[in-house]
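Just below is one structure, and these are the notes that go with it.
Model, not experiment: these values are computed from the prediction.
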Amino acid sequence: MADWFGKEVPKLGFGMMRLPKKGVVTDIEQTKKMVDLFMQAGFTYFDTAFVYPGSEAATKKALVDRYPRESYTICTKINAMLPTATEKSVKKQFETSLQRTGAGYFDYYLLHALMENNYRRYDKFGIWDFVKEQKEKGLIRHFGFSYHDSPELLDRLLTDHPEVDFIQLQINYADWEDKSVASRANYEVARKHGKSIVVMEPVKGGKLAAPPKKVEELFKSYRPDMSCASWAIRFVASLPGIITVLSGMSNIAQMEDNLSYMRDFEPLNDEEQEIIRQAQVILGSSAAIPCTACGYCTKGCPKGIAIPEYFAAMNKKLVGGQEEAAREAYRKAAQNGSAASACIECGQCEGACPQHLPIISLLKDCQSLS
């Protein structure tokens with residue numbers, strides 16, 4: 001697909017949300033190597049955000065300081081859903097993002113994670129007009145919003161804001177017909193409005209890179225040489241109207257795997273589409289907690305509960321029946337923050353969760369591992 005510069009946009013994007021770590025900080029040297037592999041393969045789209053810890057600064061060190069500005073494209077995001085947000089603090093994010101990245105301008109810019117419980121803040125703070133002003137100044141080339149809610153609200157937002165250039169949606173084969181994520185329905189609304197799409201969470205926070213054993217066996221029986229992640233990414237990259245598919249790569253091995261099948265991208269054939277449908281049926285019976293470990297739930301948690309870690313521990317029991325491994329993972333999660341039982345049921349986490357999970361109830365379930 002051609003972008004608005006009239007040049008081809010490679011179908012793989014580097015999502016810089018889950019960068020490699022050295023201790024608690026970003027491993028810049030490994031990130032540089034990943035950026036180099038990505039650029040050498042002909043890919044150019046980098047996705048970061050104001051609220052991704054250390055990501056914009058890492059983008060500067062690994063990319064902006066090392067490559068000519070015209071050789072890549074950067075997307076970052078403005079976020080009004082932080083509990084302490086004010087109009088002044090939200091608008092200040094734009095200047096801060098420019099300083100952190102050193103990019104000079106942003107090729108793509110998003111209002112971040114619009115949902116029923118926060119989209120009015122973007123109206124209240126005048127963020128739509130603010131972003132359009134930055135575009136008029138040449139500091140933004142194209143703008144849109146990322147989205148995690150119902151097709152009805154998406155339809156309303158795109159009707160009220162036809163000026164957006166593109167949107168970012170969570171689309172993957174596991175969530176295609178899921179009622180809470182509504183991947184297919186939201187995709188169809190976006191296409192009805194003529195909007196091109198950047199895909200996030202194509203591997204569902206890494207869950208589809210290591211799916212249930214029956215799904216893995218299904219994929220390997222047809223293409224033993226292809227990773228499970230490749231099926232997930234190729235599924236969304238095969239859809240019409242996709243600008244690029246973001247993969248949140250955390251190490252060189254993941255980068256090399258993605259490049260192996262996206263460098264010369266081939267859409268899914270009819271047989272592969274049928275295999276995906278069979279995988280969807282299998283996943284429909286999965287007992288796993290569908291957490292993508294995005295971490296939005298933990299940012300405002302007054303008790304500092306490591307919610308995604310507790311859910312990952314519980315999934316060891318629910319999916320694999322690994323009771324002892326689940327208990328050990330639970331103990332490690334407790335060491336990284338408060339116990340699951342420390343939840344005061346304030347509901348902040350549930351309001352921030354893009355997957356709309358009943359986190360309070362699920363945390364109570366996790367306590368069975370203590």
Side-chain angles (χ1 to χ4, degrees), residues 10-22 24-28 30-39 41 43-59 61-63 72-77 79 101 108 110 112-113 146-148 168-175 181 183 197-211 227-237 242-262 290-299 307-309 311-312 352-355:
K11 282 290 185 86
L12 181 65
F14 192 167
M16 304 188 77
M17 179 181 180
R18 300 179 175 92
L19 294 174
K21 297 290 185 183
K22 183 177 284 187
V24 297
V25 300
T26 302
D27 184 341
I28 294 297
Q30 187 173 178
T31 301
K32 286 179 180 179
K33 293 176 183 177
M34 293 168 69
V35 167
D36 291 344
L37 288 170
F38 190 75
M39 293 287 285
F43 298 103
T44 60
Y45 194 105
F46 294 83
D47 174 270
T48 182
F50 176 83
V51 297
Y52 297 167
S55 178
E56 289 184 327
T59 300
K61 293 177 182 177
L63 174 69
Y72 56 83
T73 55
I74 289 183
C75 176
T76 195
K77 312 173 187 74
N79 190 301
T101 62
Y108 304 91
L110 294 166
H112 197 172
S146 61
Y147 184 76
H148 296 278
Q168 186 162 303
L169 295 175
Q170 176 173 324
I171 304 176
N172 57 67
Y173 70 79
D175 292 328
V181 180
S183 282
I197 300 162
V198 169
V199 175
M200 59 182 160
E201 300 289 1
V203 193
K204 201 172 173 64
K207 299 296 185 296
L208 301 183
S227 67
C228 292
S230 74
W231 287 83
I233 291 177
R234 288 178 61 230
F235 169 77
V236 287
I242 302 301
I243 300 171
T244 199
V245 179
L246 301 176
S247 179
M249 294 168 275
S250 301
N251 54 56
I252 291 173
Q254 291 175 3
M255 174 64 75
E256 290 176 336
D257 179 57
N258 282 343
L259 295 179
S260 70
Y261 54 84
M262 291 302 289
C291 170
T292 65
C294 67
Y296 292 166
C297 58
T298 63
K299 288 182 171 61
I307 298 168
E309 293 182 36
F311 289 172
C353 178
Q355 313 306 318

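Judged by distance alone, with hydrogens and angles left aside, the side-chain atoms of Ser183 form a donor-acceptor pair with the main-chain N or O of Gln170 at under 3.5 Å. Side-chain atoms of Ser146 come within 3.5 Å of backbone N or O of Ala113 as a donor-acceptor pair. Looking at Asp27, its side chain never comes within 3.5 Å of a backbone N or O of Lys22 through a donor-acceptor pair. Side chain of Ser55 to backbone of Thr48: no donor-acceptor contact under 3.5 angstrom is found. Judged by distance alone, with hydrogens and angles left aside, the side-chain atoms of Lys207 form a donor-acceptor pair with the main-chain N or O of Cys291 at under 3.5 Å. Of the possible donor and acceptor atoms, one in the side chain of Thr244 sits under 3.5 Å from a partner among the backbone N and O of Gly13.
For the pair Cys294/Met17, a side-chain contact is recorded, criterion being any heavy-atom separation below 4.5 Å from C-beta on. In this structure the side chain of Ser247 never reaches within 4.5 angstrom of the side chain of Gln254, judged on heavy atoms. Two residues are said to be in side-chain contact when any heavy atoms from C-beta on lie closer than 4.5 Å; Leu246 and Tyr45 meet this criterion. At a threshold of 4.5 Å between non-hydrogen side-chain atoms, the residues Phe38 and Leu12 count as touching. Side chains of Asp47 and Tyr52 form a contact here, defined as non-hydrogen atoms less than 4.5 Å apart. Between Met16 and Thr31 the shortest side-chain heavy-atom distance falls below 4.5 Å. Side-chain contact between Cys228 and Leu208: absent, with no pair of heavy atoms (C-beta onward) separated by less than 4.5 Å. The shortest side-chain heavy-atom distance between His112 and Phe50 does not fall under the 4.5 Å cut-off.
Thr292 OG1 to Gln355 CD: the interatomic distance, rounded to the nearest 0.5 Å, is 4.5 Å. Of the inter-residue distances, the one linking Gln168 atom CD with Lys77 atom NZ reads 5.0 Å to the nearest 0.5 angstrom. In this structure, CE on Met34 lies 13.0 Å from CG on Leu63, to the nearest 0.5 angstrom.
Few gaps surround NZ on Lys299; more than 12 heavy atoms of other groups in view lie less than 6.0 Å from it. Within a 6.0 Å sphere centred on NZ of Lys61, heavy atoms belonging to other residues, nucleotides or ligands number 12 at most.
Between Phe46 and Tyr72, the angle of the ring planes goes over 60°, which puts this pair in the perpendicular group of the 30/60° scheme.
At a cut-off of 3.5 Å, with distance as the only test, no side-chain donor of His148 or Tyr296 sits close to an acceptor on the other residue.
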